[in-house]
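First comes the structure, then the notes that go with it.
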Number of protein chains: 2
Amino acid sequence: MHAFNKYPNPSVAIDLVVFGYREGKLNLLLLNRKEAPFQHSWTLPGAFLQMEELFQDTCHRILRTKLGLERFYLEQLYSFDALDRDPRGRALSVSYYALINPASYTTTAGAMANDVQWFPTEDLPPLGFDHASIVSVALKRLRAKILYHPVGFELLEEAFTLPELHQLYEAVLGVSIDRRNFRRKILESGYIIATGQKRTGAKNRHPDIYQFNKAITPHQFHLNIS
Amino acid sequence: MHAFNKYPNPSVAIDLVVFGYREGKLNLLLLNRKEAPFQHSWTLPGAFLQMEELFQDTCHRILRTKLGLERFYLEQLYSFDALDRDPRGRALSVSYYALINPASYTTTAGAMANDVQWFPTEDLPPLGFDHASIVSVALKRLRAKILYHPVGFELLEEAFTLPELHQLYEAVLGVSIDRRNFRRKILESGYIIATGQKRTGAKNRHPDIYQFNKAITPHQFHLNIS
DNA sequence: ACAAAAGTGTTCTAACTACACCCATGA
DNA sequence: TCATGGGTGTAGTTAGAACACTTTTGT
């Protein structure tokens with residue numbers, strides 16, 4: 001038995017589709033590349049997998065460097081293998097997607113580097129590499145996932161109102177959802193609990209504030225969209 | 001811009017979870033290793049990704065070599081990255097799962113090599129590497145997938161009866177499903193069409209023979225299991 | 001005629017859909 | 001008091017769950 005790493009192997013990039021919810025829209029975090037290839041183009045933040053690094057370690061390294069972010073929802077998306085996806089040579093991409101709340105870090109230390117920027121998903125610039133297709137897979141996955149698993153909360157602050165969650169779902173799915181049916185469905189799932197407080201400040205009725213119910217045993221719920 | 005493949009990179013294995021339906025049970029194709037590591041242990045069939053090879057090419061290479069199989073349903077499963085998953089050194093695994101009909105090839109040329117064997121999924125031997133966890137992910141994926149997409153047909157012959165399909169679903173999902181509701185649901189989906197012929201030979205009523213409806217536009221159907 | 005498995009229909013129940021009014025707040 | 005958006009309930013419809021008898025075939 002001998003080590004086999006002397007044989008040439010493809011490089012392995014980890015690329016991150018970072019979703020954030022801002023101003024009522026689903027946004028994507030993009031990086032403006034300083035070096036070739038695709039210099040001055042927008043791309044997904046990414047890095048090469050180091051020899052003794054786990055995928056998730058690389059993800060954390062990327063987001064810590066670019067955003068000072070330590071905690072976020074992270075899930076493996078897909079692995080891409082086109083031969084020409086990187087002009088420098090054969091490079092696979094193991095892509096992940098992350099859900100973060102932009103508001104929770106912009107004020108903290110290690111804030112966003114000036115080469116990264118949020119873009120609404122419906123108005124993205126041309127992307128370098130094969131990143132447009134990675135984004136396309138990620139959007140499809142997120143839209144499928146949010147119907148069955150409580151991931152929407154990851155995009156909001158810890159305390160949120162039902163109208164906020166409702167608007168988030170409409171923005172992510174790109175459809176309108178009946179307020180009353182949405183409310184009933186979400187509340188019946190047990191995934192959120194009322195805090196008894198209300199969000200004040202608006203000049204109209206103050207909505208109730210809810211929190212994600214961390215104590216709940218994971219289960220699927222069905223949010224059927226007609 | 002320069003090639004970066006001079007830096008050391010992890011090896012990339014492609015591992016295949018090959019499902020086949022035999023004797024009323026969901027089976028898995030396993031390979032008995034001739035060399036270390038895990039000599040004489042059962043493992044998933046796999047190979048190292050070559051420098052200019054697509055994932056799917058590697059999958060086809062593996063199944064052509066081991067089974068003489070050319071056509072099969074194939075879908076990427078997940079990528080595994082544990083540092084110690086291969087004792088020879090850092091090796092990622094990009095795993096795929098395949099659905100095949102065992103009956104369609106055993107009689108053909110290039111038949112099954114003598115180091116591969118079918119095992120019922122509920123009675124698997126200990127597996128080398130981290131392959132037990134790959135299998136676990138694959139089973140979960142198949143069970144989720146079969147409820148919404150017409151992949152069950154990939155495991156059967158081109159012509160099949162509804163009782164056969166019914167039994168397949170019960171075997172894959174490990175639950176019993178009401179015959180009448182199952183039949184109605186499948187027929188309403190439009191995914192199968194009656195050929196007008198009947199499967200003869202049994203000493204009881206001869207069931208109708210159906211085929212997968214290739215002309216149908218892809219859509220999801222819901223097979224709800226209580 | 002009998003045993004064995006295939007084919008078929010209906011009732012009950014639960015879930016989803018559609019929809020309109022009242023309430024709280026700040027200006 | 002008015003404008004704005006938040007909170008609530010119900011009737012109608014659809015889909016799923018549960019369930020039993022008749023039909024075909026070979027022996």
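Each chain gets a letter, A, B and so on, in the order its sequence line appears, and its residues count up from 1.
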Atom pairs, protein N/O to nucleotides 12-16 of chain C N/O, distance under 3.5 Å:
unit_1, atom_1, unit_2, atom_2, d
dC16(C), OP1, Lys185(A), NZ, 2.3
dC16(C), OP2, Lys185(A), NZ, 3.2

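Considering only residues two or more places apart in sequence or on other chains, Gln56(B) meets the side-chain hydrogen bond (donor to acceptor under 3.5 Å, both in side chains) condition with none of them. For Thr161(A), there are no side-chain hydrogen bond (donor to acceptor under 3.5 Å, both in side chains) partners at least two apart in sequence or on another chain. Residues forming a ring pair (Phe, Tyr, Trp, His ring centres under 6.0 Å) with Phe129(A) (at least two apart in sequence, or on another chain): Phe38(A), His131(A). Under the ring pair (Phe, Tyr, Trp, His ring centres under 6.0 Å) criterion, Phe55(B) pairs with no residue, sequence neighbours left out. Annotation: ring pair (Phe, Tyr, Trp, His ring centres under 6.0 Å) contacts of His222(A) (sequence neighbours excluded): Tyr148(A), His222(B). Shown here are the side-chain hydrogen bond (donor to acceptor under 3.5 Å, both in side chains) partners of Asn27(A), two or more places apart in sequence or in another chain: Arg22(A). Applying the ring pair (Phe, Tyr, Trp, His ring centres under 6.0 Å) criterion to Phe182(A), with sequence neighbours excluded, gives His166(A), Tyr169(A). Contacts of Arg85(A) classified as salt bridge (Lys or Arg N to Asp or Glu O under 4.0 Å), with partners at least two apart in sequence or in another chain: Asp15(A), Asp130(A).
Each of Arg179(B) and Arg179(A) was matched to the nucleotide of DNA chain C holding its nearest heavy atom; the match closer to the 5' end belongs to Arg179(B).
Using cut-offs of 30° and 60° on the angle between ring planes, the pair Trp42(A) and Phe119(A) is perpendicular.
The two residues Val17(A) and Ala138(A) have their closest heavy-atom pair at CG1-CB, 3.6 Å. Nearest heavy atoms, Phe212(A) versus Phe160(A): N-CE2, 3.8 Å.
For the OP1/OP2 pair of dT8(D) and a distance below 4.0 Å, the side-chain nitrogens and oxygens of Arg183(A) include at least one atom meeting the criterion.
The overall bend of the helix from dA1(C)-dT27(D) to dA27(C)-dT1(D), read as the angle between its terminal helix axes built from five base pairs each, is 10° when rounded to 10 degrees.
DNA chain D lies under 4.0 Å from at least one heavy atom of each of the following residues of residues 192-208 of chain B: Ala202(B), Lys203(B), Asn204(B), Arg205(B), His206(B). For residues 148-170 of chain A, proximity to DNA chain C is found at no residue, defined as any non-hydrogen atom under 4.0 angstrom from a strand atom.
Going from atom CZ of Phe182(B) over to atom C1' of dG16(D) covers 15 Å, rounded to whole Å. In this structure, the CG atom of Asp178(A) is 11 Å from the P atom of dA20(C), given to the nearest Å. Remark: P of dA18(C) and CD1 of Ile177(A) are 13 Å apart, rounded to the nearest angstrom.
Inspection of the Gln167(B) and Tyr21(B) side chains reveals an N or O donor paired with an N or O acceptor under 3.5 Å.
Checked options Asn101(B), Val151(B), Ile100(B); the residue passing with Tyr73(B) is Val151(B) (criterion: side-chain contact (heavy atoms from CB on, under 4.5 Å)).
With hydrogens and angles ignored, no donor-acceptor pair under 3.5 angstrom links the side chain of Arg180(B) to the base of dA17(D).
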